[in-house]
Amino acid sequence: MAKTLNVALVGNANTGKTTLFNSLTGLRQRVGNYPGVTVSKFSGPMTLPFGEQVELVDLPGIYSLAATSLDERVVIDVLSGVMEGCPRPDAIVCVIDINNLSRNLFLATQVADLGLPMVLALNQSDLAAKDGLVVNTDLLRERLGVPVIKISARKGTGIEELKLAISDVVKNGDRMKRVEWNSATKEAITVLREELGLAEDQKVSDAELQRVIFDVASPLADRLLEKQDLERVGSALKKARACIRAVGDNPHSTEAIQRYAFIRGMLSGVTRQTKNRKSFTSILDKILLNRVFGFVIFVAIMYAVFYCLYTLSGIPMDWIEGQFGALGEWLGSLSSLEDMPIVRSLIVDGVIAGVGSVLVFLPQILILFFFLGLLESTGYMARAAFLMDKLLGWCGLNGKSFVPMLSGFACGIPGIMGARTIEDPKARLATILAVPFMSCGARMPVYVLMCAILERLTNPATAATVFVCMYLVGIVVAVPVAWIYTHLVMKSKAAPFVLEMPRYQLPRLRDVALRVWQSGVAYTKRAGTIIFAVNVIVWALLFFPYSEDEAFKDGVKEKFIAQNASELKISADDYAIIVDSAETEGAVLLASDARIDVNAFNDAVADLIGNDTEKFVADKAEELQVPAEMIVAVLEEDEEAEITLDDDAVEALAEEYEKRCEAIRESYVALNAKALNVSEDLIAAVVNREDLVAEVENRIAEECLVQSYLGRFGRFCQPVVDPCGFDWRITIGVLASFPAREGIVATLGTIFSLGNEEDEESDSLKDKMMNTVWEPGTPREGTPVFTISVLIGIMVFFALCGQCLAEIVVIARESSWKWAIIAWTQMTLLAWIAAVLIYQIGSLF
């Protein structure tokens with residue numbers, strides 16, 4: 001079996017390297033991370049003209065091998081053959097922007113020093129021809145000693161010639177001509193080798209020793225420190241650099257001086273310009289990079305992108321939620337699972353809900369990366385980063401941090417993943433840690449519910465102001481946090497913000513589609529598995545130990561019936577019969593020997609209401625001087641009908657009709673109660689027995705949740721959150737919402753015996769929360785739980801806390817578990833401190 005060759009693509013950012021990689025590998029790509037780091041690794045198979053099998057690796061786009069960033073360290077480690085699990089390439093394809101030969105060849109000369117066979121691919125040759133740039137590739141090949149191929153990765157021209165050149169280079173071992181260093185540099189390399197005792201160790205090449213001498217920080221120097229004494233390495237390096245300083249050169253600038261002198265010699269007579277015209281790119285940049293118009297256009301584009309993200313993603317997200325909800329209901333109704341409550345709950349509430357919680361974020365991720373791909377393909381993304389760099393630079397971020405942070409307002413997950421475009425590892429990490437502070441859509445249900453109650457306690461203007469402020473809290477906190485991380489925690493010197501301004505061009509949809517696909521697969525594989533696993537764990541903590549215990553449920557049911565029967569002024573036996581007969585269609589025979597035909601009762605009420613409705617419609621049509629059909633349309637809430645009445649009249653009409661229907665129902669209840677010689681409450685309980693059953697089931701669900709392992713842990717943690725003014729119900733809601741922030745709304749619905757189907761618009765949930773008081777035996781006994789300061793404290797807590805499992809997992813995948821834990825800890829601590837301050841200060845007034 002023939003050996004699979006390893007070929008690496010190397011080049012500056014924005015040279016079309018990834019487009020070339022996509023053309024050569026197509027949809028057969030593999031995406032992962034390099035061992036031990038978070039830098040993405042793209043690889044795929046390629047077949048050369050004579051059948052040779054090649055594993056093509058797309059290395060990160062870099063500007064030099066100075067190894068000041070994580071991407072550059074990865075490249076030099078891969079090319080040197082020291083990256084674990086990544087064999088040293090058999091050949092290198094150095095992708096060069098033909099329009100910027102001199103700057104791009106700087107990296108090529110550095111790579112040439114590693115002694116690997118090389119091909120130079122001069123990309124964007126079609127655009128160069130339009131601009132009148134002529135490059136004599138034969139002369140350049142003769143001078144450099146390696147194949148030089150003109151290509152256009154976008155149009156697919158020159159690809160076959162490039163494959164043939166790669167095949168020849170692998171066989172012939174063509175190596176690019178190296179820079180001839182001056183005597184001082186040669187002496188420095190010799191001195192460093194001798195001082196470190198590497199004279200006999202040829203595994204450490206002169207190229208690697210050059211990086212130690214030239215660079216401020218070098219991965220090779222770090223590796224040498226593992227084997228040698230720090231003082232010895234420092235002394236050797238000082239002596240080596242002294243050789244360069246002795247001739248009046250600077251060790252950190254002499255490399256650039258000598259390399260560019262070499263490049264100028266190689267390019268002399270190689271290029272010529274046949275046209276002299278302003279390019280479309282330079283003309284458009286005068287507008288898009290303008291301090292005023294450029295910023296206005298940028299804001300408009302970003303608004304359009306995230307408006308589309310917010311609106312377009314809602315449709316598929318709702319569809320996914322609906323499909324998984326329907327699937328869960330169908331599986332839960334299977335008769336084969338009736339006798340296995342644990343298995344049924346595991347499948348429905350654990351597995352199905354867990355998979356749904358992973359896939360529900362997928363539309364936002366795909367849509368965001370689609371727009372990012374479009375902006376990058378057109379060349380605008382580099383301009384956007386340039387515009388925002390000064391605005392964010394003071395806190396250690398750079399221009400490319402803006403888009404991930406902005407996308408965090410829709411969802412933090414694609415925002416965190418979007419930070420991959422930031423080359424500077426420090427700015428990338430700071431951005432990842434700042435994105436979760438942006439108030440994503442998942443926080444909105446919490447804000448809506450709490451502000452609705454706040455409006456009842458204050459006024460609409462106050463509630464609206466607080467709602468808007470919640471979206472500003474994250475920004476106000478995120479920027480200082482980023483400054484602290486970049487200036488106090490990560491004290492390494494910030495990498496310069498080097499930005500290549502590519503030409504404007506039409507996007508290549510195939511490349512955009514590949515990027516979207518890769519992002520979706522990466523999220524599903526890397527983050528989805530852990531999110532799913534933790535969702536199942538949280539399900540187990542909420543389900544056990546009593547959710548399957550029928551004896552426990554019967555005890556809760558009996559206790560609830562005994563407590564509520566007296567409130568309804570009926571016997572406990574009648575209450576139990578009503579609840580147990582809720583699913584029957586016919587009459588209900590009570591313990592008091594009263595026989596009530598529910599169907600007959602409802603039919604009679606319907607007839608009475610129908611007869612009254614005819615009179616009501618006729619009277620109102622005459623009173624309001626409108627057709628009777630319009631009154632019917634109002635009562636039936638027909639949105640397609642033409643209604644000339646104003647909103648107040650429509651609302652008053654509907655309210656009056658509702659009161660008439662309720663009066664008829666109450667009158668008929670009283671009539672039946674008198675005929676059967678029973679209380680009106682008993683008749684009402686029978687005909688509304690489905691509501692009573694729901695109350696019993698909700699009470700059982702509440703007790704199962706409170707007595708679950710997570711509920712018990714919530715009560716255990718109560719002293720920790722007590723300074724925030726949170727009672728045990730809120731504490732359990734906070735803990736149960738760890739997989740997703742919005743989960744607190746459904747959890748509160750369950751805790752208040754309303755069921756987990758309640759949402760932020762539920763009036764019943766708002767009423768329950770408004771009337772909730774602290775339990776007997778507590779220091780605040782009898783006082784309202786949800787005060788103004790508590791409501792604001794809850795919102796601020798959720799604005800700042802790390803209450804999103806998916807985000808924490810994605811942070812871990814994009815950085816490390818250490819930083820994910822740090823992010824969660826510092827966010828939760830900040831949220832707790834803020835909530836404590838708000839409650840304690842608010843309690844003084």
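Numbers for residues simply follow the sequence, beginning at 1. Everything numeric in this text was worked out from a predicted model, so none of it was measured.
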Visitor: If every non-hydrogen atom of Ile151 is compared with every non-hydrogen atom of Ala121, which pair is closest and at what distance?
Guide: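 In terms of heavy atoms, the two residues are closest at CD1-CB, 3.9 Å.
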Visitor: Tell me, with the steps shown, if Ile166 and Met46 meet side-chain contact (heavy atoms from CB on, under 4.5 Å).
Guide: CA-CA 11 Å; Ile166 295 172; Met46 177 181 69; 4.2 Å; yes
Visitor: Identify the two heavy atoms, one from Val179 and one from Asp113, that lie closest to each other, and give their separation to 0.1 Å.
Guide: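 In terms of heavy atoms, the two residues are closest at N-OD1, 4.3 Å.
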Visitor: How far apart are the closest heavy atoms of Cys94 and Met118, and which atoms are they?
Guide: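 The answer is CB-SD, 4.2 Å.
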Visitor: Report the distance from atom NZ of Lys286 to atom CG of Asn290, rounding to the nearest 0.5 Å.
Guide: 11.5 Å
Visitor: Under a 3.5 Å threshold, yes or no: a donor from one side chain and an acceptor from the other, between Gln110 and Glu255?
Guide: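 Glu255 and Gln110 do have a side-chain donor-acceptor pair below 3.5 Å.
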Visitor: State, yes or no, whether a side-chain contact exists between Glu807 and Val810 at a heavy-atom distance under 4.5 Å.
Guide: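 Side chain of Glu807 against side chain of Val810, heavy atoms only: no contact under 4.5 Å found.
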Visitor: Heavy-atom distance under 4.5 Å between the side chains of Tyr63 and Phe106, does that happen here?
Guide: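 Side-chain contact under 4.5 Å: no.
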Visitor: Does any part of the side chain of Ile320, heavy atoms only, come nearer than 4.5 Å to the side chain of Pro363, both counted from C-beta?
Guide: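 In contact.
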Visitor: Say you draw a straight line from CD of Gln258 to OG of Ser253; how long is it, rounded to the nearest 0.5 Å?
Guide: 9.5 Å
Visitor: Working to the nearest 0.5 angstrom, can you tell me the gap between Ile159 CD1 and Leu20 CG?
Guide: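 Reported value, rounded in 0.5 Å steps: 5.0 Å.
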Visitor: Around Tyr260, counting heavy atoms of other residues, nucleotides and ligands shown, do more than 12 lie under 6.0 Å from its OH?
Guide: yes
Visitor: Please examine the side chains of Ile96 and Leu105, heavy atoms only from C-beta on, and report whether any two atoms are closer than 4.5 Å.
Guide: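 In short, these two side chains touch, coming nearer than 4.5 Å.
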Visitor: Please tell me whether Glu52 and Ser167 have a donor and an acceptor in their side chains that are separated by less than 3.5 angstrom.
Guide: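 Side chains of Glu52 and Ser167: pair found under 3.5 Å.
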Visitor: Regarding Asp97 and Asn104, is there a side-chain donor-to-acceptor distance under 3.5 Å anywhere?
Guide: no
Visitor: Mind checking the CG-OG1 spacing from Leu429 to Thr486? Nearest 0.5 Å is all I need.
Guide: 10.0 Å
Visitor: For a side-chain contact (heavy atoms from CB on, under 4.5 Å) check, start with the C-alpha distance between Leu116 and Arg88, then their side-chain angles and the critical distance, and finish with the verdict.
Guide: CA-CA 9 Å; Leu116 291 168; Arg88 194 168 192 241; 3.5 Å; yes
Visitor: Would Leu59 and Leu9 satisfy side-chain contact (heavy atoms from CB on, under 4.5 Å), going step by step from the backbone distance to the final call?
Guide: CA-CA 6 Å; Leu59 294 177; Leu9 289 181; over 6 Å; no
Visitor: Mind checking whether Trp181 and Phe214 have parallel, tilted or perpendicular rings, split at 30° and 60°?
Guide: tilted
Visitor: If you count every heavy atom of other residues, nucleotides or ligands that lies below 6.0 Å from Lys177 atom NZ, does the total exceed 12?
Guide: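 No, because the 6.0 Å sphere around NZ of Lys177 holds 12 heavy atoms or fewer from other groups.
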Visitor: Could you walk me through whether Thr47 and Gln53 pass side-chain contact (heavy atoms from CB on, under 4.5 Å), step by step?
Guide: CA-CA 5 Å; Thr47 303; Gln53 297 301 308; 3.5 Å; yes
Visitor: So which atom in Arg178 and which in Ala112 form the shortest heavy-atom distance, rounded to 0.1 Å?
Guide: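 Minimum heavy-atom contact is NE-O, 3.6 Å.
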Visitor: Where the side chain of Arg143 meets the backbone of Met266, is there a donor-acceptor pair that is under 3.5 Å apart?
Guide: yes
Visitor: Work out which heavy atom in Ile98 is nearest to a heavy atom in Ala128; give both atom names and the distance.
Guide: CG2-CB, 3.5 Å
Visitor: Under a 3.5 Å threshold, yes or no: a donor from one side chain and an acceptor from the other, between Thr19 and Arg154?
Guide: no
Visitor: Of all the heavy-atom pairs spanning Leu114 and Ser80, show the shortest one and how long it is.
Guide: CD2-OG, 4.3 Å
Visitor: May I ask you to establish whether Lys163 and Phe50 are in a cation-pi arrangement, using a distance under 6.0 Å from NZ or CZ to the six-membered ring centre and at most 45° from the ring axis?
Guide: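 Output no; distance or angle outside limits.
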Visitor: For the backbone of Gly265 and the side chain of Ser268, can you confirm whether one donor and one acceptor N or O come within less than 3.5 Å of each other?
Guide: no
Visitor: Is the backbone N or O of Gly115 less than 3.5 Å from a side-chain atom of Arg175, with the two atoms forming a donor-acceptor pair by type?
Guide: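 Yes: the side chain of Arg175 pairs with the backbone of Gly115.
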Visitor: Kindly indicate whether the side chain of Pro147, heavy atoms from C-beta on, has any atom under 4.5 Å from the side chain of Asp174.
Guide: yes
Visitor: State whether the side chain of Arg211 and the backbone N or O of Ala207 hold a donor-acceptor pair below 3.5 Å, judged by distance alone.
Guide: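 Answer holds: no.
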Visitor: As an exercise, state the distance from OG1 of Thr109 to CG of Leu65, rounded to the nearest 0.5 Å.
Guide: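 That separation rounds to 9.0 Å.
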Visitor: Less than 4.5 Å apart, any side-chain heavy atom of Thr137 and any of Ile149?
Guide: no
Visitor: What I'd like to find out is whether the side chain of Leu79 reaches to under 4.5 Å of the side chain of Val111, using heavy atoms alone.
Guide: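 Touching, per the 4.5 Å side-chain cut-off.
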Visitor: Please round to the nearest 0.5 Å and tell me the distance separating atom CD1 of Ile811 and atom OG of Ser816.
Guide: 10.5 Å
Visitor: Do side-chain atoms of Asp90 reach the backbone of Val170 as a donor and acceptor pair under 3.5 angstrom?
Guide: no
Visitor: I'd like to check Leu140 versus Leu267 (side-chain heavy atoms, cut-off strictly below 4.5 Å). Are they in contact?
Guide: yes
Visitor: Any sub-3.5 Å donor-acceptor pair from Asn12's side-chain atoms to Thr15's backbone N or O?
Guide: no
